[in-house]
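Written out below as structure tokens is the structure these notes cover.
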There are 2 protein chains.
Amino acid sequence: MNLKELSEKLGLSQTTVSRALNGYPEVAEATRRKILEAAAKHNYRPNARAKSLATGRAMAVGHVIPVSSQHEMVNPIFADFIAGAGESYLRHGYDMVLSLVPDDEEERAYRELAAKGSVDGIIVHGPRIDDTRVEMLRKIGLPFVVHGRMSRRIDDYDWVDVNNLSAFRRATEFLLDLGHRRIALINGLVSMDFAERRLMGYVEALEERGLENDDALIRSGEMTEAYGFDATTEMLALTEPPTAFLCSSMIAAMGVRRAVELAELKLARDVSIITHDDDLSYLSNGREVPIFTATRSSVRQAGRICAERVIDLVQNPDQPAQHCLLEAELTVGQSTGPAPTNQT
Amino acid sequence: MNLKELSEKLGLSQTTVSRALNGYPEVAEATRRKILEAAAKHNYRPNARAKSLATGRAMAVGHVIPVSSQHEMVNPIFADFIAGAGESYLRHGYDMVLSLVPDDEEERAYRELAAKGSVDGIIVHGPRIDDTRVEMLRKIGLPFVVHGRMSRRIDDYDWVDVNNLSAFRRATEFLLDLGHRRIALINGLVSMDFAERRLMGYVEALEERGLENDDALIRSGEMTEAYGFDATTEMLALTEPPTAFLCSSMIAAMGVRRAVELAELKLARDVSIITHDDDLSYLSNGREVPIFTATRSSVRQAGRICAERVIDLVQNPDQPAQHCLLEAELTVGQSTGPAPTNQT
DNA sequence: ATCGATTTCCAAAGCGCTTTGGGCGCCGTC
DNA sequence: GACGGCGCCCAAAGCGCTTTGGAAATCGAT
């Protein structure tokens, strides 16, 4: 059933039917009611492609996910982000199109998305430190919102980010206050912007107390469980092993814990762990009492906000850039305790 | 830059340019070359919406994800599936559109997708035991592939699934062979098809040895870490606690392990765990030696296969239904050992 | 030179929708 | 009674592409 058939069935013109359906005022109420009824009865839905051809609106926003051998973007954190964004799209009647692209073809992919006209806006995922996508997208002229930030950039653009720096500074301070002096940082990939900010927060907190950071205690890598495990195992074998671990994700933290327990060390007594907790639905940090002491910030919420923002941007372009800096809250759980005193 | 402009610039008709670009034979090689060059130079991409209006092809496949208070579909397993499917779409030039829909509006959502014409085919996620979506989709006439199966259905449809029954039967047998008699099943949600098959495999293996299954040892729920932990904690408190746990996912298994360790029990010695391992990139089951003894089957691979299949189905409709049953391999890791002999 | 076959190209008709620019009847007003 | 204004509706022109049904040009064969 298309517009033409529907309007013929009603003995009205396509114009009138279209207007009635889209809520324009220049159609009599009685007629509108009749049209709405007929549309419902015949289960009529306007063809989205035709509609978007005519309006120039795709009613969809794109999520471009770089796939590389380096970094796997489609991860549990991404899944929760998507879930959050999806809620917003659902509410506004937008579609979400994911396209995986090899990272050496990213520019081409963005251009293509714009030229093909299959999306009205874009969410930029996994910003790297020296990311060039902002320039690119601006040149292309497609509205976009960055989930995260690009440290080295000065000009303005829309972003939604967690305050990674302050979160990790606070977490480090918390450990320092507990008497820990050798604190390991199990960070994300250094090339990622968020990882750099976290590193900065960690280093700042140490420096404030006049402590130097020890490179042997800093790791960065893809935040898998195995990575957390391996990094921790190696560090625990040091002559001066760390007494606390600051960890970039719940999943990696589970690896850290596994390593700690394998070493027959007791959590909170021998070794403390603080992790960043993205508040993932499948990896909630315990029920009432958090398992891990953690800096928590819901990535699902970030997804919602990003999506809302990009939709707003699509509907009202030429706004000044907005920023949303989410503060992570430090919740104390069962994984931290005072530094062991029998420390050499 | 659109077709019209490009063809004017070349002094050719839109027809010829279109044909040259789409590889039709009725255009001279010299002309074609000239056209391709100009297209590349001006960075011309055909507008996808216009193209799909004209061809009737959306070049996109939809993934409909029911969002309900009951069951959260956007989980880490889903993420890996999507990643796999995405690879296939990338290879074939298809887009992937995700739409979250409230589960009481699923029918409406599928109809809408079909009527709106924004996708050519659909992947059905999370089939439930008494799922009616097959009928619905068939009535609508949209090609689809189910990831999983619907147990109670007789008529034929395309699906890609892991052999859950045989996987869990083998896992159960493996534990029985190790002398375990009280084996707990930490299953997925009962309403899910895969969970029922796993239960069947488990029960069959027990019955074969003349054992009855004890309802106190069977749980089903959303496969989160916390769920695994809670279920295990409760069962370990039974007067006759299980000596082995059969677990439906790595994430839940991590919760099981946490509970086991909290109870000061030693894995493989006091308590054994076998889990199903979807071979998630972020939760790999150890490096050389698997952490958990597991029935492994890559859900990412399943994603690839599903996507390939649905594309094939879109391009060549009216094929007889195909099925792909993936066998899970049982890999022995560090989480299983003979049943403790000091058993009461 | 003529003719049919081939090659190479084009004009124009859609695909299903929105939207512009009226048209037509009806009202109240001077 | 003519006229401007308003309410309701319509025909038709796009949106950017594909594809049908030729037409013109080229060529070898007669």
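Naming: A, B, ... by sequence-line order, numbering from 1 per chain.
Among D/dC10, C/dC17, D/dC17, the nucleotide with an atom closest to any side-chain atom of A/L12 is D/dC10.
Proximity of residues 37-46 of chain A to DNA chain C (heavy atom under 4.0 angstrom from any strand atom) is restricted to A/Y44, A/R45, A/P46. Heavy-atom distances under 4.0 Å link DNA chain C to B/L53, B/A54 of residues 53-62 of chain B, given in residue order.
For A/K51, a side-chain nitrogen or oxygen approaches OP1 or OP2 of C/dT18 to under 4.0 Å. OP1 or OP2 of C/dT18 lies within a sub-4.0 Å distance of a side-chain N or O belonging to A/N22. The side chain of A/K4 places no N or O atom within less than 4.0 Å of a non-bridging phosphate oxygen (OP1 or OP2) of C/dG16. Using a 4.0 Å cut-off, no side-chain N or O of B/Y24 falls inside it from OP1 or OP2 of C/dC9. Not one side-chain nitrogen or oxygen of A/S13 sits closer than 4.0 Å to the OP1 or OP2 atom of D/dA11. Applying the 4.0 Å criterion to OP1 and OP2 of D/dC10, one finds that A/T16 has a side-chain N or O inside that range.
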Verdict with supporting geometry, A/D193 and A/R128, salt bridge (Lys or Arg N to Asp or Glu O under 4.0 Å):
CA-CA 5 Å; A/D193 183 274; A/R128 292 171 300 264; over 6 Å; no

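Between B/E37 and B/R33 there is no salt bridge, since none of the side-chain N atoms of the basic residue sits less than 4.0 Å from a carboxylate O of the acidic one. A/E87 has no carboxylate O lying under 4.0 Å from a charged side-chain N of A/R91, or vice versa, which leaves the two without a salt bridge. A salt bridge does not link B/K139 to B/E135: none of the charged nitrogens lies less than 4.0 Å from a carboxylate oxygen. A salt bridge does not link B/D278 with B/R300: none of the charged nitrogens is closer than 4.0 Å to a carboxylate oxygen.
Regarding A/N47, its CG atom lies at a distance of 17 Å from the P atom of D/dC17, rounded to whole Å. Rounded to whole Å, atom P of C/dC9 lies 15 Å from atom CG of B/L3. Counting to the nearest Å, the C1' atom of D/dG14 and the CD atom of B/Q14 are 13 Å from each other. In this structure, CG of A/L21 is placed 16 Å from P of C/dG16, rounded to the nearest angstrom. One interatomic measurement links the two molecules: CD1 of A/I35 to C1' of C/dT18, which rounds to 15 Å at whole-angstrom precision.
Pairs of residues two or more places apart, or lying in two chains, never qualify as ring-ring contact (aromatic ring centres under 6.0 Å, His included) while including a residue from residues 16-40 of chain A.
Checked by atom type and distance alone, the side chain of A/D120 pairs as donor or acceptor with a backbone atom of A/A58 at under 3.5 Å. Using a distance-only test at 3.5 Å, with no hydrogens or angles considered, no donor-acceptor pair links the side chain of B/D161 to the main chain of B/L325. With hydrogens and angles ignored, the 3.5 Å screen pairs a side-chain donor or acceptor of B/D80 with a backbone N or O of B/S281. A donor-acceptor pair is defined here as one N or O able to donate and one able to accept, closer than 3.5 Å; such a pair exists between the side chain of B/R32 and the backbone of B/A20.
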Using a cut-off of under 3.5 Å, enumerate the N/O to N/O pairs linking the protein to nucleotides 21-28 of chain D.
none

Extract from the structure each pairing of a protein N or O with an N or O of nucleotides 4-7 of chain C at less than 3.5 Å, listing the distance.
none

Between N or O atoms, less than 3.5 Å apart, protein on one side and nucleotides 23-26 of chain C on the other: list the pairs.
none

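Aromatic rings of B/Y89 and B/H63 (six-membered ring for Trp) have centroids within the 6.0 Å cut-off, being under it.
The structure places CG of B/N22 at 9.5 Å from OG1 of B/T55, a figure rounded to the nearest 0.5 Å.
Nucleic acid contact class of B/T31 (heavy atoms, under 4.0 Å, all strands): sugar-phosphate only.
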